[in-house]
Colleague: 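Supplied in structure tokens, the structure appears directly below.
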Amino acid sequence: MTEPNKRANPDLSGYQPAAGGIAARARASAAPAYLSGLNPEQREAVETLDGPVLVLAGAGTGKTRVLTTRIAHILSTGRARPAEILSVTFTNKAAREMKLRLGQMLGQAVEGMPWLGTFHSIGGRILRYHAELVQLTSNFTVLDTDDQIRLLKQLLAADNIDDKRWPARMLAGLIDGWKNRGLTPSQVPAGEAASFGNGRGGKLYAAYQERLKVLNAADFGDLLLENIRLFREHPDVLRQYQSRFKFILVDEYQDTNVAQYLWLRLLSQAPSSSSSSLPGLTRQSIISQEDGSPGRDASRRPGDDDRTSGDVAAPSSPPKNICCVGDDDQSIYGWRGAEVDNILRFDHDFPGAKVIRLERNYRSTGHILAAASHLIAHNEGRLGKTLRTEDVDGEMVTVTGAWDSEEEARGIGEEIEQLQRQGHKLNEIAILVRASFQMREFEDRFVTLGLPYRVIGGPRFYERAEIRDALAYLRVINSPADDLAFERIVNVPKRGLGDATVQLLHDHARKRRIPLFEASRLVVETDELKPKARSSLRGLIENFERWQVQRNALSHTELAEIVLDESGYTEMWQKDRSADAAGRLENLKELVRSMEEFENLQGFLEHISLVMDRDGAADEDAVSVMTLHSAKGLEFETVFLPGWEEGLFPHQRALDDQGRAGLEEERRLAHVGITRARRRAKLYFATNRRIHGTWNTTIPSRFLDELPQANVEITESKGGSGWGGMSGYGPSRFDNVESFGSSYSTPGWQRAQAQRKNGGGRSGGGGFSESGASYSSSPRRAPFTIEGELVAKSTGTDSDFTVSDRVFHQKFGYGQVTKIDGNKLTIAFDKAGEKKVVDSFVQRV
DNA sequence: TACATGCGGGTTTTT
DNA sequence: CCCGCATGTA
């Protein structure tokens, strides 16, 4: 123990089992097994079933356990049946985890929890039941970001808006933001609506929503926003759900946004028979000018009465049994519309709420916990918890300075190998980065070391081009009005239906207000298209018509196989010679395989975009590499945290956009990172890092200064010659590095070279990949091959060139040798500039 | 219509 | 440095 045992919540210390009520009844017949092993706070959180409860659960305090046990408790005391419990999580991972644990606790009864899922999947499900009430049909498509952008691009083009000046991405961001805040087009404040496209932002939002209805589609935000609209405009529907859900549980409450909050508010009301309209849901007042103001927290303070204006529980309708679990110190999704205030103001929103703090940490050692606690204490505006552990102090948190990101990766690689030699499981090791571009360096390093690793997060399975193409075919079959899907595959594989054809179809479709697929049918009957295009399009339509019929006769997996085959899509990749073609075919197989889990095509398509995140086979022992954000909720024995530098972590953009609030969110992210570790937390910073291709000198993160000395050890980089080490890391120390011009003469590069010579045996190591790329302009693959060659040769004898030799290179022409390292030359080419090449690629002249 | 080449611009986190 | 986009060419 390094932290004093402060009782931040005195009223808990006098906890006594409540007399009477469910708790007592449950305990009466010797407390059920599932309650044993809970500490008093956890137990109270589980047993306080009536009225609103907020559980403030710090990192590693058994949050999931409380949630699942609470459900078990509700069920076993007979307070509700499985279908009467609404249990929402933020991520699919969390939902899966809960189902798993519930299953373990209850036997196999998990199937009977139909309302356990993410906000989005549950919102989507409700929406499908009542699709007609929001101008959709139940087979509507869920658009992902990509579809969204393409659609917006079309709208911008139709409006003659310059998408250079007003990018579709930006509009998508705005619309998302509005939807996160629960704003329909008419509710967007005029000022904000005018901020895009010379005042046309609001109009575009409205047009976009209209277009979605025509396409029978909804985007992510709609799954909640349209749900709210549904509840508002159809109180009878709302009432139905209000009375169905006897208990509501919410995980990660600190991550909920306004829309999610409103949705929960609506559902958590006791059903009232009279209220025909629910006033005051707009919450216009929270729409403060987030831009420019130092932070959103400045615009809303606890005590403002904006959010509860109309829909506060009327005296006659006490709030439901809602239990929210969260940790304000782990709120890291503010950029996505999450409102920390939701958790900060819980007792205000749900009067009479019981607040329970879980502060006993069962995960980390004393040093780790102390470091994390001390760091997060620098934040203002927290509810305040003091985590404590009964574990040993353990190893100190280490801070290691590396010269550059390459050395950082090398150092971490060596530490991992060392741990591995000591018998530690790679599965228990993680590297958590701030931004995904950091991952590549580690991947490169691990590949050369032959160290098994897995990247978590990455591009989602269903975001891969081949998966999206395949899905597009299925979408058109399922919902012929899905123009986006149709457009995507109309010429994939190439079948001679290019821009001109698509344009023609668009014209027809717009004139007659029909989907592209419909328009195609008509156009094929005319002679507007050239014979070749015409017969090609006819073939495609006939295919789809046939598939639509076959759908009823075949299983959906068979159908998918037939579609992929007959459309020529599989063949397209089989013919493809590029490196990743095989992987893509494999992915397509995986897609068909994954379809088996679903009842039918419709069910599959409903879920694919929401729950199809691949968590790769975890059976292999491998190091995990992921972002800090995706690490939330996970834990590892050893955690490496590279990149603790100003500008990267805290990220410059967070600082620029959100000011102090942004900084605090970054600090919470740091807190999340450290608390992922059970036994070892190892922080790194590099003095030089490459950003957009050029090297920059960086300053160690201020977060490092905020760590408590007593629990932190400054170590030397294992990767090299005692660079960063020493206790005095700080801005001044590295300020006077010699300036550098091209990337090849940077200190980092030079050092890497020195390293390589000293390092002896180890084969080359990264750092030459870019020279490889210089040899060949052919895409992909080539650089790798050449890199291999470089590495192989680099251990050889020194080159017989000398500095200032004039040389000739096939591709770059004439130049002069400026530097030599083994058989690798740095050459200043007369035309092509400075490049690194292997000596065998040039000849003396 | 399909492909190649050159240009400018943007780069955090994700349901 | 990598991407998408626009332009030009077979």
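Just so we're on the same page: letters track the sequence lines, and every chain starts at 1.
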Colleague: To the nearest Å, how far apart are D499(A) CG and dA6(C) C1'?
Modeller: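 Rounding to the nearest Å, CG of D499(A) and C1' of dA6(C) are 12 Å apart.
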Colleague: Using atom NZ of K153(A) as one end and atom P of dC3(C) as the other, report the distance to the nearest whole Å.
Modeller: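 The answer, rounded to whole Å, is 15 Å.
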Colleague: Are dT13(B) and H651(A) stacked, with the base six-membered ring and the side-chain ring centres under 5.5 Å apart and planes under 30°?
Modeller: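 The base of dT13(B) is not stacked with H651(A) (the test needs centres under 5.5 Å and planes under 30°).
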Colleague: Name the nucleic acid region contacted by Y333(A), choosing base, sugar-phosphate or nothing; use a 4.0 angstrom heavy-atom cut-off, strictly under.
Modeller: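 Sugar-phosphate only.
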Colleague: For atom CG of D656(A), is the number of surrounding heavy atoms from other residues, nucleotides or ligands below 6.0 Å larger than 12?
Modeller: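 Above 12, so yes.
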Colleague: Classify the nucleic acid contact of N491(A) as base, sugar-phosphate or nothing, counting any heavy atom under 4.0 Å across all strands shown.
Modeller: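 Contact class for N491(A): sugar-phosphate only.
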Colleague: Can you confirm whether the side chains of E408(A) and Q438(A) place a donor and an acceptor under 3.5 Å from each other?
Modeller: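 Looking only at side-chain atoms, Q438(A) and E408(A) do not form any donor-acceptor pair under 3.5 Å.
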Colleague: For K63(A), is there an ion pair with E252(A) - N to carboxylate O distance below 4.0 angstrom?
Modeller: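 A salt bridge links E252(A) with K63(A).
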Colleague: Would you mind reading off the distance between L669(A) atom CG and dT14(B) atom P, rounded to a whole angstrom?
Modeller: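 These atoms are roughly 10 Å apart.
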Colleague: It should be established whether N92(A) places a side-chain nitrogen or oxygen under 4.0 Å from OP1 or OP2 of nucleotide dT14(B).
Modeller: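 Checking dT14(B) against N92(A), no side-chain N or O comes under 4.0 Å of OP1 or OP2.
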Colleague: Select from N180(A) and A533(A) the residue whose nearest nucleotide in DNA chain B is closer to the 5' end of that strand.
Modeller: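 Taking each residue's closest nucleotide, the earlier one in sequence belongs to A533(A).
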Colleague: Any donor-acceptor pair under 3.5 Å joining the side chain of W335(A) to the base of dT13(B)?
Modeller: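 Looking at the base of dT13(B), it does pair with a donor or acceptor on the side chain of W335(A) (distance under 3.5 Å).
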Colleague: Regarding F90(A), tell me which of base, sugar-phosphate or nothing describes its non-hydrogen contacts under 4.0 Å with the strands shown.
Modeller: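 Sugar-phosphate: the residue F90(A), judged by heavy atoms under 4.0 Å, touches backbone atoms but no base.
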Colleague: Return no unless some side-chain N or O of K632(A) is found under 4.0 Å from OP1 or OP2 of dT14(B).
Modeller: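 For dT14(B), neither OP1 nor OP2 has a side-chain N or O of K632(A) closer than 4.0 Å.
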Colleague: Distance only, no hydrogens: is a donor on one side chain within 3.5 Å (strictly under) of an acceptor on the other, for D255(A) and Q260(A)?
Modeller: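 Per modelled atom types, D255(A) and Q260(A) side chains form no pair under 3.5 Å.
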Colleague: Between dA2(B), dT12(B), dC5(C), which nucleotide has the shortest distance from any of its atoms to the side chain of K494(A)?
Modeller: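 That would be dA2(B).
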Colleague: Using whole Å, report how far CH2 of W166(A) lies from P of dC5(C).
Modeller: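 In whole Å, dC5(C) P lies 19 Å from W166(A) CH2.
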Colleague: If only side-chain N and O atoms of R440(A) are considered, is one of them under 4.0 Å from the OP1 or OP2 phosphate oxygen of dC2(C)?
Modeller: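 So the side chain of R440(A) is within the cut-off, an N or O lying under 4.0 Å from OP1 or OP2 of dC2(C).
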Colleague: Just N and O in the side chain of R653(A): are any of them under 4.0 Å from OP1 or OP2 of dT12(B)?
Modeller: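 Yes.
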Colleague: Classify A500(A) by what it touches in the nucleic acid, base, sugar-phosphate, or nothing, heavy-atom distance under 4.0 Å.
Modeller: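 Sugar-phosphate, no base atom in range.
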Colleague: Taking the nucleotide of DNA chain B with the nearest heavy atom to each, does Q260(A) or K530(A) sit closer to the 5' end?
Modeller: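 So the residue in question is K530(A).
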Colleague: Do any side-chain nitrogens or oxygens of T501(A) fall under 4.0 Å of OP1 or OP2 in dT1(B)?
Modeller: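 For T501(A), the contact criterion (side-chain N or O under 4.0 Å from OP1 or OP2 of dT1(B)) is met.
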Colleague: Assign the ring pair W573(A) / Y569(A) to parallel, tilted or perpendicular, where the plane angle (0 to 90°) is split at 30° and 60°.
Modeller: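 Ring orientation of W573(A) relative to Y569(A): perpendicular.
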Colleague: Can you tell me the distance, in whole Å, between the CG atom of L152(A) and the C1' atom of dG4(C)?
Modeller: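 Those two atoms, CG and C1', are 17 Å apart.
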Colleague: CD1 of I691(A) versus C1' of dC1(C): gap in Å, rounded?
Modeller: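 So the two atoms are 12 Å apart, to the nearest Å.
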Colleague: With a 4.0 Å cut-off on heavy atoms, is K179(A) in touch with a base, just the backbone sugar-phosphate, or nothing at all?
Modeller: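 K179(A): no heavy atom of the nucleic acid under 4.0 Å.
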Colleague: Take the protein atom CZ of R336(A) and the nucleotide atom P of dT14(B), then report the distance between them rounded to whole Å.
Modeller: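 Checked: the CZ to P distance equals 9 Å.
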Colleague: Tell me the interatomic distance from R169(A), atom CZ, to dC3(C), atom P, rounded to whole angstroms.
Modeller: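 R169(A) atom CZ is separated from dC3(C) atom P by 14 Å.
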Colleague: Does one side chain, of E528(A) or H508(A), offer a donor that lies under 3.5 Å from an acceptor on the other?
Modeller: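 Side-chain D/A pair, E528(A) to H508(A): present.
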Colleague: So, is T627(A) near the phosphate of dT14(B), with a side-chain N or O under 4.0 Å from OP1 or OP2?
Modeller: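 Looking at the OP1 and OP2 atoms of dT14(B), one of them is under 4.0 Å from a side-chain N or O of T627(A).
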